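In what follows, a single structure is set out as structure tokens and then discussed.
Start at 1 with the first residue, then count along the sequence. Just so we're clear, the structure is a prediction, and the values are computed from it rather than from any experiment.
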Amino acid sequence: QLQLVESGGGLVQAGGSLRLSCAASGRTFSRYPMGWFRQVPGKEREFVATISRAGINTNYADSVKGRFTISRDNAKNALWLQMNSLKPEDTAVYYCAASLTMYGSRVTYEYEYWGQGTQVTVSS
């Protein structure tokens, strides 16, 4: 079992920045491609970004490309999402997740372990 705990959410004005963190424990973190997803009430959880096991390859949703950066440090069992130029439509609960695929994925059903989520609210 891999435990994931997100932190770093909060309230920020449009144009501002936040850095989300995801702390992993319980299994070998470096074995898993990791992803960030987000969800608003009444909508499906949507893909934000993914990163390969070694952190070499990344992939982003078009809506966040150029504004968000995913990174990881396997020695620290940590994953981050740096969010810049935030917009009100970025408001959501953000989740980190660990994938059992080889390179990561954009779909939720290919992720095995999930954190509890952290709320991000962007005011206009």
Side-chain angles (χ1 to χ4, degrees):
Q1 193 83 0
L2 182 69
Q3 289 81 40
L4 302 171
V5 179
E6 302 95 335
S7 61
L11 174 63
V12 63
Q13 288 189 329
S17 298
L18 279 175
R19 190 191 196 204
L20 304 184
S21 299
C22 175
S25 62
R27 280 184 176 248
T28 306
F29 177 67
S30 60
R31 293 179 57 188
Y32 301 94
M34 297 295 295
W36 286 99
F37 288 77
R38 65 188 182 186
Q39 188 170 25
V40 298
K43 291 191 175 182
E44 292 187 356
R45 196 165 295 187
E46 68 169 354
F47 169 76
V48 174
T50 188
I51 189 166
S52 60
R53 295 169 180 171
I56 296 173
N57 299 110
T58 58
N59 199 353
Y60 297 92
D62 288 345
S63 59
V64 306
K65 198 172 295 184
R67 299 188 297 123
F68 291 11
T69 302
I70 188 172
S71 61
R72 68 188 295 165
D73 185 335
N74 289 337
K76 296 181 179 179
N77 290 344
L79 175 75
W80 297 281
L81 184 69
Q82 178 66 44
M83 306 187 294
N84 298 329
S85 302
L86 282 161
K87 304 175 182 179
E89 51 263 44
D90 294 319
T91 296
V93 177
Y94 283 72
Y95 299 89
C96 65
S99 176
L100 293 181
T101 62
M102 185 70 75
Y103 300 110
S105 172
R106 289 175 169 250
V107 295
T108 57
Y109 59 79
E110 292 187 335
Y111 284 80
E112 180 73 15
Y113 302 109
W114 293 84
Q116 84 290 347
T118 185
Q119 175 71 48
V120 172
T121 303
V122 184
S123 63
S124 57

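- A cation-pi arrangement is absent between Arg27 and Tyr32 under the rule of less than 6.0 angstrom and at most 45 degrees off the ring axis.
- Atom CD in Gln39 sits 8.5 Å away from atom CD in Glu44 (nearest 0.5 Å).
- When atom types are taken as modelled, the side chain of Arg106 and the backbone of Tyr60 share a donor-acceptor pair closer than 3.5 angstrom.
- Between Tyr111 and Tyr95, the distance from one ring center to the other does not fall under 6.0 angstrom.
- Glu6 pairs with exactly one of Tyr94, Trp36, Trp114 by the side-chain contact (heavy atoms from CB on, under 4.5 Å) rule, that one being Trp36.
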Inset, instruction - Go through the steps to decide whether Arg38 and Leu81 satisfy the test side-chain contact (heavy atoms from CB on, under 4.5 Å), and finish with yes or no. - result: CA-CA 12 Å; Arg38 65 188 182 186; Leu81 184 69; over 6 Å; no
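- When all heavy atoms of Asp90 and Ser85 are compared, the closest pair comes out as OD2-O, 4.5 Å.
- Interatomic distance, CZ of Phe37 versus OG of Ser105, reported as 6.0 Å (0.5 Å rounding).
- Here the options are Leu11, Thr91, Leu18, the test is side-chain contact (heavy atoms from CB on, under 4.5 Å), and the partner is Val122; only Thr91 passes.
- Contact record, Ile51 with Ser71: CD1-CA, 3.7 Å, taken as the closest heavy-atom pair.
- Here the CE-OG distance, from Met34 to Ser52, works out to 12.0 Å after rounding to the nearest 0.5 Å.
- Across all non-hydrogen atoms, the minimal contact from Leu79 to Cys96 is CD2-CB, 3.8 Å.
- Atoms CD and CG, from Gln3 and Asn77 in turn, are 11.0 Å apart once rounded to the nearest 0.5 Å.
- Between the side chain of Thr50 and the backbone N or O of Asn59, no donor-acceptor pair lies under 3.5 Å.
- Once rounded to the nearest 0.5 Å, the distance linking OG1 of Thr101 with OH of Tyr109 reads 10.5 Å.
- The existence of a salt bridge linking Lys65 and Asp62 is confirmed by a sub-4.0 Å separation between a basic side-chain nitrogen and an acidic carboxylate oxygen.
- Nearest heavy-atom pair, Arg72 versus Pro33, reported as atom, atom and distance to 0.1 Å: NH1-CA, 3.9 Å.
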Legend entry - Step-by-step side-chain contact (heavy atoms from CB on, under 4.5 Å) determination, Gln82 to Asn84: CA-CA 7 Å; Gln82 178 66 44; Asn84 298 329; 2.9 Å; yes
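- Closest non-hydrogen pair, Trp80 versus Ala78, comes out as CZ2-CB, 3.6 Å.
- Distance alone, capped at 3.5 Å, is enough to place a donor-acceptor pair between the Arg53 side chain and the Arg31 backbone.
- The two residues Gly9 and Leu20 come nearest to each other via the heavy atoms N-CD2, 3.6 Å.
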